[in-house]
Amino acid sequence: MSAIENVRVRFAPSPTGYLHIGGVRTAIFNCLFARRHGGEFLLRIEDTDVERSTQEAVDQIIDSLRWIGLDWDREPVFQSKRLEIYQEHLERLLKEGQAYRCYCPAEELEAKRQKAIAAKVTYKYDRTCRKRDPDEDPAGRPFVVRFKTPEIYPDHYNDLIMGSIPIDEEKLDDWILARTDKTPTYNFSVVVDDATMEISHVIRGNDHKDNTPKQILLYQALEYPVPSFAHMPLTHGPDGSKLSKRREQEYRKLGISVSVQEYRKMGYLPHALLNYLARLGWSHGDQEIFTRSELEQKFDLDAVGKSAGILDPSKLKWVNAHYIKETGDSEIAELLVPYLAELGIEAAADPPGHLQNIVSTLKPRAETLVEMAEKAVFYFKAPDSYDPKSRKKWWKPGAEVVLEKIRGMAESLDFNDESTVETAFRKLADEAAGGKLGKVAQPIRLALTGTTVSPSLFEVISILGSEEVIRRLDRALAELSGNPA
RNA sequence: GUCCCCAUCGUCUAGCCUGGUCCAGGACACAGGCCUUUCACGCCUGCGACAGGGGUUCAAAUCCCCUUGGGGACGCCA
């Protein structure tokens with residue numbers, strides 16, 4: 001697809017809670033689409049539901065969007081500050097006879113709806129008030145304003161992702177534009193906002209697909225140009241159904257979450273999540289890894305699929321692991337600090353380069369920053385116990401000889417230098433273990449880390465430094481001789 | 001219930017529009033191997049799908065129809 005002129009898109013969350021993972025994906029698609037075509041990406045906060053909207057949620061959403069690296073082009077628009085605009089449009093429709101006041105009591109309509117549901121038929125407003133002459137409207141009674149659905153309308157609309165979608169009479173209710181308290185309903189405010197903000201492409205979740213016919217008719221009634229629509233497939237949970245905030249506990253066990261913030265807590269890099277989410281439902285040949293600018297160059301709606309995507313934590317982890325390896329040691333070190341703090345380790349005051357060195361040994365071994373922090377603990381805290389199984393296997397009688405020899409080397413050689421350590425070990429392995437490095441390394445690894453799994457021992461030793469190595473060896477030696485220190 | 005949408009390996013997908021190059025390609029996961037001081041990383045190999053049935057055609061994953069399965073929407077929520 002070649003570049004489209006005058007693109008302006010928007011992301012329009014309602015601030016009733018944290019940012020939904022499906023929400024960011026919508027935001028990502030919008031933003032990338034705008035960048036791809038040199039257009040604008042705007043943010044609109046849909047806070048007309050005063051009861052449920054909070055400032056805290058607004059802050060959280062903005063924070064999450066920034067974290068993942070999304071940038072919008074103008075000040076965010078708040079619907080709550082645009083009430084007069086909706087009112088103007090409403091009056092215009094009323095005056096032109098394209099909308100009418102409905103005095104039917106809410107309870108009465110609700111009862112009819114329940115009845116329809118019980119009878120298993122589609123509920124539609126019976127248009128009682130449409131039939132009345134507006135001049136005969138009862139004065140002083142509460143009313144809502146309904147859209148007077150025109151008799152003639154297009155039989156379909158063209159969706160940029162889903163293709164041709166029929167407009168079905170069944171769905172064209174005389175829906176409510178404004179509530180009794182005069183506030184606009186969603187379908188009314190979006191249209192007024194998108195039209196007045198001159199949005200060119202409405203890219204949103206597939207769950208809004210059935211609202212589109214209503215909205216198109218409103219654009220036409222208001223004589224605004226109808227934007228292009230693109231309904232993206234939804235993001236589903238592992239069971240294949242729509243993600244539900246209520247099932248968060250269940251998701252947690254599987255390593256996914258509905259909340260964007262949680263992914264930060266789980267130790268994902270923002271660009272990794274962005275990359276993963278962009279690739280969920282969109283593709284560019286066989287490419288999996290995209291830089292930000294590649295995404296901005298290559299993303300387009302014509303390569304977006306039609307079917308819903310299931311969040312796959314293992315693929316996400318793989319993408320994350322990839323970026324952990326790709327990113328520089330110092331950057332990762334900086335990002336790691338808060339995760340270490342969670343474990344009670346204050347690494348910020350360490351000598352410069354210390355944490356970077358640690359990070360460089362852990363990068364190929366961690367899929368998330370949480371995992372990396374956990375694996376870094378032994379560098380900061382000497383083992384307080386030794387894995388019993390490994391003890392049995394590697395600390396057989398005579399093992400103390402090896403520990404003592406290494407201890408001696410640590411005293412006489414420069415163990416802050418990795419290659420010196422390696423040379424010493426190889427020499428010892430030749431002399432004492434028939435060249436089997438493992439026989440020397442494992443007992444030492446156990447002494448130094450408490451387990452038999454760690455980064456390269458040579459790296460570990462050079463990072464720990466001679467002093468600390470001696471301390472840990474002494475402690476292990478004491479343990480071996482039956483006199484734990 | 002009504003309406004709408006979707007349908008390629010377990011998952012994300014390429015291919016479908018413009019039928020043949022596809023006994024269907026890549027990635028994640030999984031299994032095995034190599035490398036190796038352990039664990040990883042990396043590399044190699046393997047496993048694994050056109051939902052089913054009818055058409056159309058010399059030829060269908062690709063076009064048409066039906067069935068089945070899945071999802072979404074039916075508010076004075078957004």
Side-chain angles (χ1 to χ4, degrees), chain A residues 12-16 46-49 51-53 79 102 106 109-110 113 116-124 142-146 159 162-163 165-171 173 175-187 189-190 205-213 231 233-234 236 238 240-242 276 279-289 302-303 305-319 321 325 361-367 375 390 394 422 425-426 429 433 436-442 444-446 449 451-458:
Chain A
S14 60
T16 55
E46 310 223 319
D47 57 351
T48 47
D49 186 343
E51 293 291 301
R52 298 197 300 148
S53 300
Q79 285 192 326
C102 169
L109 295 177
E110 181 56 25
R113 206 176 79 229
I117 291 167
K120 303 195 172 197
V121 287
T122 305
Y123 169 75
K124 276 174 78 171
F143 61 88
V144 296
V145 178
R146 287 182 183 274
D159 190 282
M162 290 300 170
I165 307 279
I167 295 182
D168 177 34
E169 195 237 320
E170 275 296 303
K171 305 215 145 146
D173 197 7
W175 50 285
I176 294 172
L177 300 169
R179 306 179 183 104
T180 311
D181 66 3
K182 307 233 189 310
T183 57
T185 58
Y186 166 75
N187 277 313
S189 57
V190 242
N206 200 253
D207 48 345
H208 289 290
K209 189 182 54 189
D210 292 335
N211 287 322
T212 309
H231 287 94
L234 298 178
H236 284 175
S241 65
K242 199 181 175 184
Y276 174 76
R279 261 287 285 129
L280 184 62
W282 169 79
S283 62
H284 184 78
D286 286 337
Q287 191 171 348
E288 299 285 353
I289 299 298
D302 51 9
K306 295 180 177 184
S307 47
I310 293 172
L311 284 177
D312 178 8
S314 40
K315 179 80 172 266
L316 208 208
K317 277 188 185 168
W318 174 79
V319 176
K325 279 174 279 195
T361 69
L362 261 17
K363 274 182 9 180
R365 295 175 170 80
E367 291 189 305
K375 289 188 170 166
S390 311
W394 295 105
E422 176 160 3
F425 266 76
R426 293 207 184 274
K436 295 277 187 191
L437 197 46
K439 292 205 172 176
V440 178
Q442 287 302 64
I444 303 293
R445 194 189 309 274
L446 183 56
T449 71
T451 73
T452 48
V453 175
S454 85
S456 159
L457 243 202
F458 313 139

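Everything numeric here is computed off the predicted structure, so don't read it as measured data. Residue numbers start from 1 in every chain, and the chains themselves are labelled A, B, ... in the order their sequence lines are given, proteins ahead of strands.
What separates CZ of A:Arg365 from P of B:G42 is a distance of 12 Å, to the nearest Å. Residue A:Trp175 contributes atom CH2, which lies 13 Å from atom P of B:G75 at whole-angstrom precision. Going from atom NZ of A:Lys317 over to atom C1' of B:A40 covers 15 Å, rounded to whole Å. In this structure, A:Tyr186 atom OH and B:G75 atom P are separated by 15 Å, rounded to whole Å. A straight line from CG of A:Leu109 to P of B:C74 spans 17 Å, rounded to a whole angstrom. Protein atom NE2 of A:His284 is 16 Å distant from nucleotide atom C1' of B:C12, rounded to whole Å. Here the C1' atom of nucleotide B:C12 and the CH2 atom of A:Trp282 are 13 Å apart, to the nearest Å. With rounding to whole Å, A:Lys209 atom NZ is found 7 Å from B:C6 atom P.
Of the nucleotides present, B:G72 is the one that pairs with B:C3 by Watson-Crick or G-U wobble criteria, both distances under 3.5 Å. Across all strands shown, B:U56 forms no Watson-Crick or G-U wobble pair with both key distances under 3.5 Å.
The side chain of A:Lys242 lies closest to B:G72, out of B:C76, B:G72, B:C4. Of the listed nucleotides (B:A40, B:U37, B:G72), B:A40 has the atom at the smallest distance from the side chain of A:Pro364. Nearest nucleotide to the A:Lys306 side chain, out of B:C6, B:C12, B:C4: B:C6. Residue A:Thr48 has its side chain nearest to B:A78 when only B:C5, B:A78, B:C77 are considered. Across B:A78, B:A7, B:G75, the shortest atom-to-atom separation from the side chain of A:Thr185 is found for B:A78. Side-chain proximity of A:Arg426 to B:U37, B:C76, B:C5: nearest is B:U37. Considering only side-chain atoms of A:Ser283, the nucleotide from B:A14, B:A78, B:C6 that sits closest is B:A14. For A:Leu280, the side-chain atoms get nearest to B:C12 when compared with the rest of B:G72, B:C76, B:C12.
If you check every strand for non-hydrogen atoms under 4.0 Å, A:Pro166 touches sugar and phosphate atoms only. Among the heavy atoms of the strands lying under 4.0 Å from A:Ala308 are primed sugar atoms or P, OP1, OP2 only; no base atom is included. Across all strands, A:Ile310 comes closer than 4.0 Å only to sugar-phosphate atoms, never to a base (heavy-atom distances). If you check every strand for non-hydrogen atoms under 4.0 Å, A:Lys325 touches sugar and phosphate atoms only. At the heavy-atom level, A:Ile165 lies under 4.0 Å from the strands shown only through sugar-phosphate atoms. Among the atoms of the strands shown, none is found under 4.0 Å from any heavy atom of A:Gly305. Residue A:Ser14 is classed as a sugar-phosphate contact, given heavy-atom separations below 4.0 Å to backbone atoms only. Residue contacts for A:Asp173: at a heavy-atom cut-off of 4.0 Å it reaches no nucleic acid atom on any strand shown. The residue A:Leu234 sits close only to the backbone: its heavy atoms come under 4.0 Å of sugar-phosphate atoms, none of a base. Counting non-hydrogen atoms under 4.0 angstrom, A:Tyr276 reaches nothing in the nucleic acid.
Nucleotides B:C64 and B:C17 have their P atoms positioned 10 Å apart, rounded to a whole Å. Nucleotides B:G52 and B:A7 are separated by 12 Å at their C1' atoms, to the nearest Å. Using C1' as the reference atom, B:C4 and B:A60 are 28 Å apart when rounded to the nearest Å. On the P atoms, B:U38 is 24 Å away from B:C28, given to the nearest whole Å.
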Extract from the structure each pairing of a protein N or O with an N or O of nucleotides 65-70 of chain B at less than 3.5 Å, listing the distance.
none

Discussion item. Counting primed atoms plus P, OP1 and OP2 as sugar-phosphate and everything else as base, spell out the protein contacts along nucleotides 24-32 of chain B at 4.0 Å heavy-atom distance: B, S or - for each nucleotide, 5' to 3'.
Written reply: -BBBSS---
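Expressed to the nearest 0.5 Å, how far OG of A:Ser307 lies from CG of A:Leu234 amounts to 11.0 Å.
Scored by the ring pair (Phe, Tyr, Trp, His ring centres under 6.0 Å) test, A:Trp175 finds A:Phe147 as partners (sequence neighbours excluded).
The phosphate of B:C74 has neither OP1 nor OP2 within less than 4.0 Å of any side-chain N or O from A:Arg113.
Side-chain N/O atoms of A:Ser456 and base N/O atoms of B:U37 include a donor-acceptor pair closer than 3.5 Å. Within 3.5 Å, a donor on the side chain of A:Asp210 pairs with an acceptor on the base of B:G72, or the reverse.
Remark: side-chain polar atoms of A:Ser189 are paired, donor with acceptor, to backbone N or O of A:Tyr186 under 3.5 angstrom.
Here the options are A:Asp210, A:Asn206, A:Thr212, the test is side-chain hydrogen bond (donor to acceptor under 3.5 Å, both in side chains), and the partner is A:His231; only A:Thr212 passes.
The existence of a salt bridge linking A:Lys209 and A:Asp159 is excluded, since no basic side-chain nitrogen approaches an acidic carboxylate oxygen closer than 4.0 Å.
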